Amino acid sequence: MASAKYLLGLLALCAGTAHAGENLNSRNWAASCSACHGTNGHAVTGMAALAGVDKAYLVNTMLEFKSGKRPATLMHQIAKGYSDEQIGQIAEFFAKQKK
Amino acid sequence: MERREFIKLVSAGAALAALPGCATTSGGRTIGRVVVVGGGYAGAAAAKYVRMWGPDIEVVLVERNAEFISCPLSNRVLAGVMSIQDLTRGYDQLGSKHGVKVVQDEVLAVDADKRTLKLAQGDTLSYDRLIVAPGINFMYEAIPGLNSAEAQQKVLHAWKAGPETVALRKQLEAMPDGGVYALTIPKAPYRCPPGPYERACQVAFYFKQHKPKSKVLILDANEDIVSKKGLFTKAWKDLYPGIVEYRNNSELVDVDAKTLTAKLQFDDVKADVLNVVPPQKAGKIAESAGLITANNRWCGVDFLSFESLAHKNIHVLGDSILAAPAMPKSGHMSNQHAKVCAAAVVALMHGEQVNADPMIANTCYSFVSDKEAVHVSSIHKYDTEKKTMVTVQGSGGLSSASSDIEGQYAEAWAHNIWADMLG
């Protein structure tokens, strides 16, 4: 591995390129959905794709799962595991992905 | 990857790292190398996600098998509703789409001080960070009569999907109608808590169609059904009356492989097909690398990064870890470990803070017939005070009943999680 000093230099060089402006928490939390809904929301079959879906729709649907208003086999149990704030950030992440 | 190319890569690694710049493609300039050992649900996902989130990091995945075979859904091979090919996937897209260098080899030893791995085919591979995801190893020493290759050929575990799954299906096919299939379950924790009970359903489904006078006898070392109790007992009663018999507190102490006899503490049970799921511990390489920290069986980790409690720069994922309470050893869990770890590894390689607030979602589907499935789900968050993962209050739960629609979701789950780790 490069020496620490070298690495610092490299970091300075790379600053802004690695994950510029990306909210890492929302990226990481959204990855907890992607085992079922596909990497970055690109489902391959049989589950709803979330990539590029309108943020308001995603938030609203999740809140309806959470309150029990929307019938589900399991999403009501999953939605209850996330705060409204987390749901907002996850929805924003998926909404920003290309379809 | 070609072998020759790999050797070049091993020796060129240091030179590559010394080049300036921030190239983001494979074969380009990198800030260091992450090696992943084991290409299962945890390791393959970790390799892909480190590359995806850290495109300036070189990732080498060392896996001894040529192809991935899924354990989840493999009980359906026993029912005859799926083939082992249906559960098999290649590793090629990890390379072509994500720039992971996949090496088919076996790791013999880890030198944590020098940060090198010794491979069976002779190469030495250096790493900046190591991710170890070797799955489980069976503790045959606990079952003396099963502690030989010969006995293990007659009494199968089929708890790692592959040739044993196919061989167990053949034993069931060869069994005469009216025979007894006995399945022994070790004390928890073991890989896939609902798996044995699902297996009982799948074998019973086969018997009901083709050998209706036969029996499925479950010999469970645990005090009670470990997972989805109500859903499984309902399936046995409604779908397979007179076929499935469940016995709790029936720990296997030995086996007579010649007579297919399961020896319990106060009882001997003779079977026509004897299927022993042995007690388990962390995978072999985790043990030899000194990563086991609990009960001589499991590897303790820091749940913010999945870094080993025994060695810096080494992370452990999947079934090998000492899980936090209510975290099952499952394929879905392994996928989630991989993502928390990948985010942490990318941050650490860049000299950044590790994410302090990881979330993990788990779901285990089980088929109770050819089409109907049930699930258990749970959501886990990091508790800063307890320094471990805890389930989020009020979240998670079980299916209200088994259904065809959940059977379809279970299949969709498999295709999506395979694509999430390999595609």
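Side-chain atoms are counted along with the backbone in the values below, which use heavy atoms only and exclude waters and symmetry mates. Model, not experiment: these values are computed from the prediction.
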- Task: Answer yes or no: is there a side-chain heavy-atom contact under 4.5 Å between D420(B) and Y49(B)?
- Result: yes
- Answer key: most heavy-atom pairs under 4.5 Å with chain B among I78(A), N25(A), T39(A), N28(A) is T39(A)
- Message: Counting only non-hydrogen atoms closer than 4.5 Å, does H415(B) touch chain A with its backbone (N, CA, C, O), its side chain (CB onward), both, or neither?
- Response: both
- Task: Check each atom of D357(B) against the heavy atoms of chain A and say whether the ones under 4.5 Å are side chain, backbone, both or neither.
- Result: both
- S366(B) vs K228(B) side-chain heavy atoms within contact, under 4.5 Å: yes
- Message: Counting heavy-atom pairs closer than 4.5 Å to chain A, which one of I405(B), N362(B), I417(B) comes out on top?
- Response: I417(B)
- Message: Could you check whether E58(B) pairs with R51(B) (Lys NZ or Arg NE/NH1/NH2 to Asp/Glu carboxylate O, under 4.0 Å)?
- Response: no
- Query: So is R70(A) actually on top of F65(A)'s ring, under 6.0 Å and inside 45° of the axis?
  - Reply: yes
- Residues D84(A) and K66(A) bridged, charged N to O under 4.0 Å: yes
- Among Q393(B), M52(B), H380(B), residue most engaged with chain A (heavy-atom pairs, under 4.5 Å): M52(B)
- Message: Between G397(B), A361(B), S399(B), who has the most heavy-atom pairs with chain A when the cutoff is under 4.5 Å?
- Response: G397(B)
- Message: Counting only non-hydrogen atoms closer than 4.5 Å, does Q408(B) touch chain A with its backbone (N, CA, C, O), its side chain (CB onward), both, or neither?
- Response: neither
- Task: Go through the atoms of Y365(B) and report whether side chain, backbone, both or neither lie under 4.5 Å from a heavy atom of chain A.
- Result: side chain
- Query: Atom CD of Q89(A) and atom CD of E85(A): how far apart are they, to the nearest 0.5 Å?
  - Reply: 4.5 Å
- Applying a strict 4.5 Å limit to non-hydrogen atoms, the region of T363(B) in contact with chain A is side chain
- Option that, when pairs with chain A are counted at under 4.5 Å, heavy atom only, ranks first among A419(B), S377(B), G396(B): G396(B)
- Message: Using a strict threshold of under 4.0 Å (side-chain N to carboxylate O), is an ion pair present between E411(B) and R76(B)?
- Response: yes
- By a 4.5 Å heavy-atom criterion (distance strictly below it), what part of K381(B) contacts chain A: side chain, backbone, both, or neither? neither
- Message: Between G46(A), C36(A), G81(A), who has the most heavy-atom pairs with chain B when the cutoff is under 4.5 Å?
- Response: G81(A)
- Query: Would a 4.5 Å heavy-atom cut-off, applied to side chains only, mark F303(B) and V340(B) as touching?
  - Reply: no
